[in-house]
Amino acid sequence: MDLIADLQARGLIQVSTDLDALSARLAEGPITLYYGCDPTADSLHVGNLIGLVMLRRFQDAGHTALALAGGATGMVGDPSGRSDERNLLDDETLGRNVAAIKRQISRVVDLEGAGELVDNRDWTEPITLLEFLRDVGKFATINQMMARESVRARLESEHGITYTEFSYMLLQANDYLWLHDHRSCVLQVGGSDQWGNIVSGVDLIRRARGTTAHALSWPLLLAPDGTKLGKTTGARTWLDPDRTSPYQFHQHFVNLSDAEVAQQLPMFSLRPLEEVRGLLEDHDVAPERRRAQRELADEITAIVHGVDAADAARAAGEVLFGGDPTVAPESAFVALRGEVPTSTFASPDALDEPIDLLVTIGLATSKSEARRLVDQRGVRVNGTQIGPDQAIRDLGLLHGRYALLRKGKQSYHLVEISSEAG
RNA sequence: GGGUCGGUACCCAAGCGGCCAAAGGGAGCAGACUGUAAAUCUGCCGGCAUUGUCCUACGGAGGUUCGAAUCCUCCCCGGCCCA
């Protein structure tokens with residue numbers, strides 16, 4: 001199976017230029033392709049991850065991957081999928097964002113060997129307005145530009161569209177042209193919301209250079225109910241561990257619905273297609289085990305945050321959802337610290353009065369409530385239900401310092417005994 | 001300004017002298033069930049040092065009464081009607 005067929009089978013190709021022509025080109029030898037994202041924040045999110053993984057797939061197949069950080073286009077703002085004008089970012093912010101994003105890209109894409117991070121600011125900034133109008137503007141008709149979905153939507157909206165954002169697609173088209181000229185890039189990939197901008201580049205290259213450039217895009221991710229997920233809907237899961245901890249990142253995938261994981265596992269996973277299919281078949285037999293979700297979460301978290309972080313995130317998830325806390329590794333508790341409310345006490349004496357403790361750490365708002373909870377068997381410590389007169393200390397501390405309190409199913413509180421506490 | 005109806009716990013809403021920490025519903029919390037889902041069923045649902053003929057609480061402040069969410073007075077707020 002060639003690369004294109006593999007991508008198709010994974011559901012990664014929604015629209016494309018002539019696929020046969022692209023396949024033929026790939027068969028001739030390694031090519032250079034690019035995927036771009038704008039540094040509008042100091043972190044990428046899971047949506048961008050598909051693009052990075054895509055670059056990786058081509059790299060693994062022997063091709064050269066260019067990851068483009070849109071220092072220039074990020075300044076202008078992409079009107080696609082937005083109902084209102086974007087705030088322009090200043091130089092300093094953009095520079096910081098590009099640096100932060102580069103680290104994230106390098107976790108997925110090899111930027112040292114057959115790969116490179118490029119910033120369109122490098123070639124966009126020097127261009128004079130007259131040059132741009134002559135070399136790019138001459139090849140684009142307003143008629144075509146107005147027909148683009150992203151532009152039309154904005155023309156119809158009450159906010160309108162500024163000339164600046166209207167120019168966005170030409171800037172992106174120019175990126176492709178420049179990379180075509182200077183890096184022999186012949187393929188651009190992106191999400192289907194980028195399709196309009198992408199084909200603008202393909203058109204420009206054909207008109208300006210008379211050569212064929214290729215493009216393909218993947219479908220937008222499905223929402224939990226199986227419908228299309230809008231660009232702005234749904235909480236974003238970031239690649240930056242300070243924005244989305246490895247635990248939360250891991251959980252994002254564990255919590256995918258069956259419909260979502262069926263779509264996303266093939267799209268994200270670097271495993272061979274056969275293995276992916278087998279996994280999904282196993283999953284269908286016993287969906288309640290969430291095998292597909294867990295495998296995907298483990299794999300992707302390991303790529304983005306490293307194997308150790310992925311292991312800790314998985315262990316932490318097991319502790320919180322059904323697993324036995326007493327056999328969890330210490331790394332699970334370290335990961336948990338900060339994910340669930342955590343209190344630190346200097347002495348294990350704090351554990352002697354369970355009712356008082358529940359109130360102190362805020363798991364119950366009054367002693368009455370705390371007693372009620374305990375009477376109703378609603379409180380567990382390290383997985384064991386406790387009774388009214390039971391000292392938590394008797395249950396022992398895990399790893400010499402942790403006690404995991406659980407109220408009901410969802411509410412947790414980690415108590416840590418540390419001599420360093422004041 | 002006059003008249004009238006009303007203001008009850010997180011929300012809606014019963015109660016109209018003691019059996020009222022106060023019906024019912026919703027929300028919330030817990031238990032069972034469950035796939036880290038939904039539905040369903042069950043329990044709880046003001047506070048506490050002494051769980052009590054305890055404290056706090058029925059718009060606010062006083063009063064009547066052995067006893068008031070319930071009766072009286074004044075005040076504040078809202079709906080409706082009249083001017």
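Reminder, nothing fancy here: chain letters follow the sequence lines and each chain counts from 1.
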Spacing of the [atom1] atoms in [M] and [N] (rounded, Å):
N       : M       : atom1 : answer
rU56(B) : rA49(B) : C1'   : 16 Å
rU53(B) : rG18(B) : C1'   : 13 Å
rA69(B) : rG17(B) : P     : 13 Å
rU70(B) : rG60(B) : P     : 10 Å
rC45(B) : rA22(B) : C1'   : 14 Å
rU36(B) : rC48(B) : C1'   : 37 Å
rC5(B)  : rC55(B) : C1'   : 35 Å
rG59(B) : rU8(B)  : P     : 7 Å

Using a heavy-atom cut-off of 4.0 Å to chain A, what are the terminal contacting nucleotides of RNA chain B, in 5' to 3' order?
->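 Taking any atom under 4.0 Å from a heavy atom of chain A, the span is rC29(B) to rU51(B).
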
Looking at [Y], is its backbone amide N or carbonyl O close enough to the side chain of [X] to form a donor-acceptor pair, meaning the two atoms are under 3.5 Å apart?
X         : Y         : value
Gln251(A) : Gly317(A) : no
Thr162(A) : Glu165(A) : yes
Thr32(A)  : Cys185(A) : no
Arg56(A)  : Val108(A) : yes
Asn197(A) : Gln172(A) : no
Ser23(A)  : Asp20(A)  : no
Thr244(A) : Trp238(A) : yes
Tyr412(A) : Leu320(A) : yes

Strand contacts (RNA chain B) in residues 351-368 of chain A, 4.0 angstrom heavy-atom criterion |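 The answer is Ser366(A), Lys367(A), Ser368(A).
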
Close residues, residues 297-318 of chain A, relative to RNA chain B [heavy-atom separation under 4.0 Å] |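 Residues of residues 297-318 of chain A under 4.0 Å from RNA chain B: none.
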
Is [N] paired to anything, Watson-Crick or G-U wobble with both distances less than 3.5 Å, and if yes, which nucleotide?
N       : value
rG17(B) : none
rC10(B) : rG26(B)
rA32(B) : rU40(B)
rA69(B) : none
rG1(B)  : rC82(B)

How would you label the contact of [X] with the nucleic acid (heavy atoms, under 4.0 Å): base, sugar-phosphate, or nothing?
X         : value
Asp375(A) : nothing
Lys409(A) : base
Arg291(A) : nothing
Arg290(A) : base
Val254(A) : base
Gln410(A) : sugar-phosphate

Of Gln385(A) and Arg294(A), the one whose closest RNA chain B nucleotide lies more 5' | Gln385(A)

Check [Y] with [X], please: is the shortest side-chain N to carboxylate O separation under 4.0 Å?
X         : Y         : result
Arg289(A) : Asp282(A) : no
Asp258(A) : Arg290(A) : no
Glu156(A) : Arg152(A) : no

Taking it one step at a time, do Asp38(A) and Thr73(A) satisfy side chain to side chain donor-acceptor pair (under 3.5 Å)?
-> CA-CA 7 Å; Asp38(A) 286 347; Thr73(A) 40; 2.8 Å; yes

If you round to the nearest 0.5 Å, how far is OH of Tyr35(A) from CG of Leu66(A)?
->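 Spacing of CG (Leu66(A)) from OH (Tyr35(A)) equals 14.0 Å.
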
